[in-house]
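One is the number of the first residue; the rest follow in order along the sequence. From a predicted model like this one, the values you see are computed outputs, not experimental measurements.
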Amino acid sequence: MSLLVVGLSHRSAPVSVLERASLPAGTQAELLRDTLAAEPAVEAAVLATCNRIELYADVDKFHAGVAELSTLLARHSGVGLDELTPYLYVHYEDRAVHHLFSVACGLDSMVVGEGQILGQIKDALALGQELHTAGRLLNDLFQQALRVGKRAHSETGIDRAGQSLVTFGLEQLAEGRDPGVWAKGKRALVIGAGSMSSLAAATLARTGVAEIVVANRTRARADRLVEILNQAGGTGVAAHAVEMAAVCDELTRADVVVSCTGATGLVLSAEAVAGALGLDFAPREAPVAPVAAPPADLDQHAAWVENGSATATAQAQAVRRVTVPAQSTGPVRLALLDLAMPRDIDGDAARLDGVCLVDIESLAEASADAPMAADVDQVRTIVADEVAAFGAAQRAAHITPTVVALRTMAAGVVAGEIARLDGRLPDLDEKQRAEISQTVRRVVDKLLHAPTVRVKQLASEPGGAGYADALRELFDLDPQTVAAVSRADLNDPKRGRS
């Protein structure tokens, strides 16, 4: 069997496609079940975030696997196969391992080095384990990816290069000033109460805003976030919750707005922003591409950790809106940070006098020149080393069932000979019988030790997969016995838990 990943991300697809392609939690479960029902796949896991949908599978046929996984992604993501195919990427075997390890380290992130993707990978593994779609290969792969990501963050300076998307967004709004000085005394409105909105609220509180208002479709979640903010010591921020219906009123009193919801359409229109500022608004004569997307899971928005080269993003985005600098006609009266995918805030709000809008696209562009080359090179070295180690371990593990089957057969031979000896020498006492049995076992173990150790070493090297077949052939091992060992290892409850 072989590892295959088919997916799309901000690196390969324009925002207009990513906004419409989504996999809420329920859909992810359906996708995994359908993938396992498909003939080429025996294991499956899905990594689905705001700007990434990737389907991992252990397949026995490459071309059939690519075709089947692509079809399943199109069916469940809500984007037709013909439209989706040009934006899909495919990685196979070691390249697939390299890709996931790079993602785990933040090398594929919009803000390179951002670490929240590790939580998304952990969630993807947990779902595969819960649904029993992640077997030995994908359990090993995702657990190792988590370890590689943690190693990159602990052994290099990638953390210094990779800020949270919220922090990076606030820095862009501050336009080169110290965010703490810029935010001091401001009144903030946070729309949404999911993972990313919660991170935004906490970051705003630490940055020094005077007040935070939280609006969310489910009031209980907004109340819970406010409770957490009010319990946090040392920030001095005053926080309270409001209904979503009160957003327009709150907008008239806000200095900065951060929005990250799972809405399928716009949460803040340009007209609403203009009304809050007492401005007239004229729609564009040539409107931007319409936003249409299936619902996204709120908690997926914490995924804005991942997410890659801004240059690649810019090249991939064939459909882009034009951003008019908001500060060109006077001082900023309202700062807007849109972290949602699909977007929450109408891009036309950037045309209004006194409005500064920062969204995912502008963050991608701003992150292109971040000075982190040395840290990235260190992490790339770690990834390359870990990919080689993972490949060697998998090749060695491939021969383990054969070695176990060989030792099981040898133990059976020993047991049969001892039983035959008991029949021929019935007068042996227990001590004599035990000594003879131990001697025979030692002889067999010594004869098998060097060949089995050596075959594991050879199997871990590139091209070493044939040694398992040779061992089975030389010792005439029953293939069903080997398969039974593999199944027992796969179903071991101790496996697959980090």
Side-chain angles (χ1 to χ4, degrees), residues 1-3 36 39-43 58-61 93-94 97 129 132-141 143-144 388-498:
M1 307 304 288
S2 301
L3 177 65
L36 245 60
E39 182 178 344
V42 295
E43 296 184 38
D58 187 4
V59 300
D60 57 2
K61 299 174 183 176
E93 292 287 34
D94 283 353
V97 177
Q129 291 173 341
H132 305 290
T133 63
R136 183 176 63 193
L137 174 61
L138 293 184
N139 269 297
D140 288 349
L141 174 68
Q143 289 176 7
Q144 187 65 18
F390 183 82
Q394 289 298 307
R395 289 188 291 269
H398 179 69
I399 205 169
T400 297
T402 300
V403 172
V404 172
L406 173 60
R407 289 190 172 277
T408 300
M409 183 195 74
V413 171
V414 170
E417 289 302 312
I418 294 300
R420 191 173 71 87
L421 184 65
D422 286 341
R424 298 185 64 178
L425 299 174
D427 295 333
L428 289 175
D429 58 33
E430 288 300 323
K431 183 177 180 180
Q432 292 170 325
R433 183 180 293 105
E435 185 62 33
I436 293 173
S437 298
Q438 185 63 25
T439 299
V440 175
R441 291 191 182 94
R442 280 198 299 266
V443 170
V444 171
D445 287 343
K446 287 181 178 180
L447 287 174
L448 291 180
H449 176 73
T452 54
V453 169
R454 184 58 180 151
V455 79
K456 286 183 178 181
Q457 293 172 341
L458 293 170
S460 68
E461 299 173 359
Y467 288 102
D469 296 333
L471 202 62
R472 288 193 294 270
E473 185 69 24
L474 287 172
F475 286 91
D476 193 24
L477 298 176
D478 184 356
Q480 293 185 354
T481 302
V482 177
V485 174
S486 298
R487 287 193 298 271
D489 186 45
L490 187 62
N491 296 324
D492 185 346
K494 294 181 181 179
R495 293 189 62 90
R497 295 292 182 266
S498 51

Inset, instruction - Kindly compute the distance separating CZ (R441) from CD1 (I436), expressed to the nearest 0.5 Å. - result: 11.5 Å
Legend entry - Spatial distance of atom CD (Q432) from atom CD (E430) [nearest 0.5 Å]: 10.0 Å
Inset, instruction - Let me know which of D58, L141, V59 forms a side chain to side chain contact (heavy atoms under 4.5 Å, CB included) with L3. - result: L141
Legend entry - Closest non-hydrogen atom pair between P426 and G423, with its separation: CD-O, 3.9 Å
Inset, instruction - Identify the heavy atoms of D140 and Q394 that sit nearest to each other, and give their distance. - result: OD2-NE2, 3.3 Å
Inset, instruction - Go through T452 and L406 one step at a time and tell me if the side-chain contact (heavy atoms from CB on, under 4.5 Å) criterion holds. - result: CA-CA 9 Å; T452 54; L406 173 60; 4.1 Å; yes
Inset, instruction - Locate the shortest heavy-atom distance separating E435 from R442; write the atom from each residue and the value. - result: OE2-NH2, 3.9 Å
Inset, instruction - Using the side-chain contact (heavy atoms from CB on, under 4.5 Å) rule, take V440 and E417 through it: C-alpha gap first, then chi angles, then the decisive distance, then the call. - result: CA-CA 9 Å; V440 175; E417 289 302 312; 5.6 Å; no
Inset, instruction - To the nearest 0.5 Å, tell me how far L428 CG sits from S437 OG. - result: 9.5 Å
Inset, instruction - Looking only at non-hydrogen atoms, find the nearest pair between N139 and A134 and report the distance. - result: ND2-O, 2.9 Å
Inset, instruction - Verify the neighbour count for atom CD of E473: are there more than 12 heavy atoms of other residues, nucleotides or ligands below 6.0 Å? - result: no
Inset, instruction - Hey, could you give me the CD/CG distance between E43 and L137, rounded to the nearest 0.5 Å? - result: 5.0 Å
